[in-house]
Amino acid sequence: GSPSVWGKLVQAGSGVTSAGSVLWVAYPTAFSAAGFPIVSTAGTSGGNVMNVYIADIGNAGSFQAVSEGGGVSFSWIALG
């Protein structure tokens, strides 16, 4: 899939940011060009709701997520 031809590949998963509040998420299957990732806007850490943002849409194989604090769980979906 490629962002110029939507709908060829849709992938989803979840992640947990590191203590440094960052996580590079590797797609299970690489896109043929950079995918378009979307993350849930609210993750959880110790029962507290914390926002998770896309810091870098990355490349065909990954993207970078950043949270307000470390150890935040979130879900994502990517289109390509």
Side-chain angles (χ1 to χ4, degrees):
S2 166
S4 63
V5 183
W6 295 102
K8 294 187 92 176
L9 182 59
V10 177
Q11 301 183 69
S14 60
V16 179
T17 58
S18 68
S21 306
V22 175
L23 177 67
W24 273 99
V25 176
Y27 297 124
T29 302
F31 293 101
S32 60
F36 183 76
I38 302 166
V39 300
S40 63
T41 56
T44 59
S45 177
N48 296 317
V49 174
M50 304 186 91
N51 289 323
V52 177
Y53 307 94
I54 295 174
D56 185 338
I57 71 163
N59 54 49
S62 65
F63 71 92
Q64 184 182 48
V66 176
S67 63
E68 295 177 314
V72 179
S73 301
F74 64 96
S75 298
W76 60 268
I77 187 168
L79 311 171

CD-CG distance between Gln11 and Leu79, expressed to the nearest 0.5 angstrom: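 If I round to the nearest 0.5 Å, the distance is 10.0 Å.
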Atom pair CZ (Phe36) and CD1 (Ile54), whose distance is rounded to the nearest 0.5 Å: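 The distance works out to 7.0 Å.
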Ile57 with Phe31, same ILVMFWY side-chain cluster at under 4.5 Å: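 Yes, it is one cluster - the side chains of Ile57 and Phe31 are joined through contacts under 4.5 Å.
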Pairwise side-chain contact, Leu23 with Val16, heavy-atom cut-off 4.5 Å (strictly under):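 A side-chain contact is absent here, since even the closest heavy-atom pair is not under 4.5 Å.
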Of all the heavy-atom pairs spanning [X] and [Y], show the shortest one and how long it is.
X	Y	answer
Gly61	Ala30	CA-CB, 4.3 Å
Ser32	Ala60	C-CB, 4.3 Å
Phe74	Thr17	CE2-CG2, 4.0 Å
Ser62	Ala26	CB-CA, 4.0 Å
Val22	Val66	CG2-CG2, 4.1 Å
Ser67	Val72	OG-CG2, 3.6 Å

Set of residues satisfying side-chain contact (heavy atoms from CB on, under 4.5 Å) with respect to Asp56, sequence neighbours excluded: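 For Asp56 the side-chain contact (heavy atoms from CB on, under 4.5 Å) partners, ignoring immediate neighbours, are Trp24, Gln64.
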Ring geometry between Trp76 and Phe63 (parallel below 30°, tilted from 30 to 60°, perpendicular above 60°):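 Answer is perpendicular, since the angle exceeds 60°.
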